[in-house]
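What follows is one structure encoded as C-alpha cells, with my remarks underneath.
Note that the structure is predicted; figures quoted are calculated from it, not measured. These values consider heavy atoms only, across backbone and side chains, with no hydrogens, waters or symmetry-generated copies.
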Amino acid sequence: MLITRRLEFDAGHRIPDHQSQCRHLHGHRYAIEITLAGDVIRHDGDPANGMVMDFSQVKALAMRHLVDHWDHAFLVYAGDRPVVNFLASLPEHKTVILDCVPTAENLAQKAFTILAAVYRDIYGNHLRLDRLRLYETPNCWAEAVRE
C-alpha cells in the first residue's frame with residue numbers, strides 16, 4: 001500500500017551559475033509530497049488499525065525534521081560565498097547552508113535522505129519512504145525514489 005501526504009512551505013534560493021533569472025535571489029511556494037509504502041496495520045484496538053501510518057504522524061515527522069527548518073528560510077549553497085556572507089550579516093536571519101546547489105533535484109534528494117531516516121517501521125508493516133516529490137512551481141517538480 002502507498003500513502004501520500006502533501007505539505008507546503010516557502011523558501012528562498014538562487015542557482016548561482018545559472019544563465020537565466022534563477023541566478024537572482026528569489027523564492028518559491030514549495031510543495032512536498034511524501035509517499036510511504038507499507039502493509040496496512042492489522043491490530044484490533046490500536047489507533048493505527050487499518051492504516052499504513054496515521055497521516056497526522058506523517059505530517060508531524062516531516063514538520064519536525066524538515067519543513068520547520070526550511071520554511072521561510074533562505075536555502076543557500078555553501079560555495080555561494082557572496083550570498084552566504086551577505087546572509088550572515090543579517091541578524092538572526094533564517095539561513096540553511098547546503099553542501100549542494102539548491103536546485104529542485106538536489107533539494108528533493110536532500111529531503112528524501114533526511115526523511116528516509118525518520119519514517120521507521122514500528123508495527124512490523126515494512127514501512128519505508130518510497131518517493132518524495134518536491135514541487136518548485138505548480139508545473140515543475142523533482143522526484144526522489146527509493147532504489
Exercise for the section: Quick one: name the residues clustered hydrophobically with Leu25, using the 4.5 Å side-chain heavy-atom rule over I, L, V, M, F, W, Y, and just say none if it's on its own. Expected result: Phe74, Val76, Val83, Val84, Phe86, Leu87, Leu90, Ile97
Handout entry: Ile15: hydrophobic cluster co-members (side-chain, 4.5 Å)
Key = Tyr77, Val101
Nearest heavy-atom neighbours spanning [X] and [Y]:
| X | Y | result |
| --- | --- | --- |
| Ile32 | Ala111 | CD1-CB, 4.1 Å |
| His65 | Ile114 | O-CG2, 3.5 Å |
| Ala108 | Leu132 | O-CD2, 3.7 Å |
| Asp71 | Lys94 | O-NZ, 2.6 Å |
| Arg131 | Val145 | CG-CG1, 3.7 Å |
| Ala116 | Leu129 | N-CD2, 3.6 Å |

Do [X] and [Y] have side chains that approach each other closer than 4.5 Å (heavy atoms only, starting at C-beta)?
| X | Y | result |
| --- | --- | --- |
| Leu115 | Leu66 | yes |
| Leu7 | Lys59 | yes |
| Ile34 | Thr4 | no |
| Leu107 | Tyr30 | yes |
| His28 | Asp10 | no |
| Arg42 | Val40 | yes |

Handout entry: Residues in side chain to side chain contact (heavy atoms under 4.5 Å, CB included) contact with His69, at least two apart in sequence or another chain
Key = none
Practice task
Enumerate the residue pairs fulfilling ring-ring contact (aromatic ring centres under 6.0 Å, His included) with a member in residues 92-134, sequence neighbours excluded, ordered by first and then second residue.
Solution key: His43-Tyr123
Kindly compute the distance separating [atom1] ([X]) from [atom2] ([Y]), expressed to the nearest 0.5 Å.
| X | Y | atom1 | atom2 | result |
| --- | --- | --- | --- | --- |
| Trp141 | Arg133 | CH2 | CZ | 5.0 Å |
| Leu127 | Gln57 | CG | CD | 9.5 Å |
| Asn125 | Ile41 | CG | CD1 | 4.5 Å |
| Leu36 | Leu2 | CG | CG | 9.0 Å |
| Glu136 | Thr103 | CD | OG1 | 8.0 Å |

Give a yes or no on whether [X] and [Y] share a hydrophobic cluster (residues Ile, Leu, Val, Met, Phe, Trp, Tyr; joining criterion: side-chain heavy atoms under 4.5 Å apart).
| X | Y | value |
| --- | --- | --- |
| Phe55 | Met51 | no |
| Leu134 | Val118 | yes |
| Ile122 | Ile3 | no |

Handout entry: Any donor-acceptor N or O pair under 3.5 Å, side chains Ser56, Asp54
Key = yes
Problem - Asp17 CG: over 12 foreign heavy atoms closer than 6.0 Å - result: no
Exercise for the section: Can you establish whether the number of heavy atoms outside Met1 located under 6.0 Å from its atom CE is more than 12? Expected result: no
Handout entry: Where at least one partner belongs to residues 110-124, residue pairs that pass salt bridge (Lys or Arg N to Asp or Glu O under 4.0 Å), sequence neighbours excluded
Key = Asp99-Lys110
Handout entry: Lys/Arg N to Asp/Glu carboxylate O, Asp130 vs Arg146, below 4.0 Å
Key = no
Problem - The single option from Gln21, His13, Arg14 passing side-chain hydrogen bond (donor to acceptor under 3.5 Å, both in side chains) against His26 - result: His13
Main chain of [Y], side chain of [X]: is a donor-acceptor contact present, judged purely on distance under 3.5 Å?
| X | Y | value |
| --- | --- | --- |
| Asn85 | Arg81 | yes |
| His18 | Arg23 | no |
| Asn106 | Cys100 | no |

Exercise for the section: Would you please name every residue forming a side chain to side chain donor-acceptor pair (under 3.5 Å) with Glu33, sequence neighbours left out? Expected result: Arg6
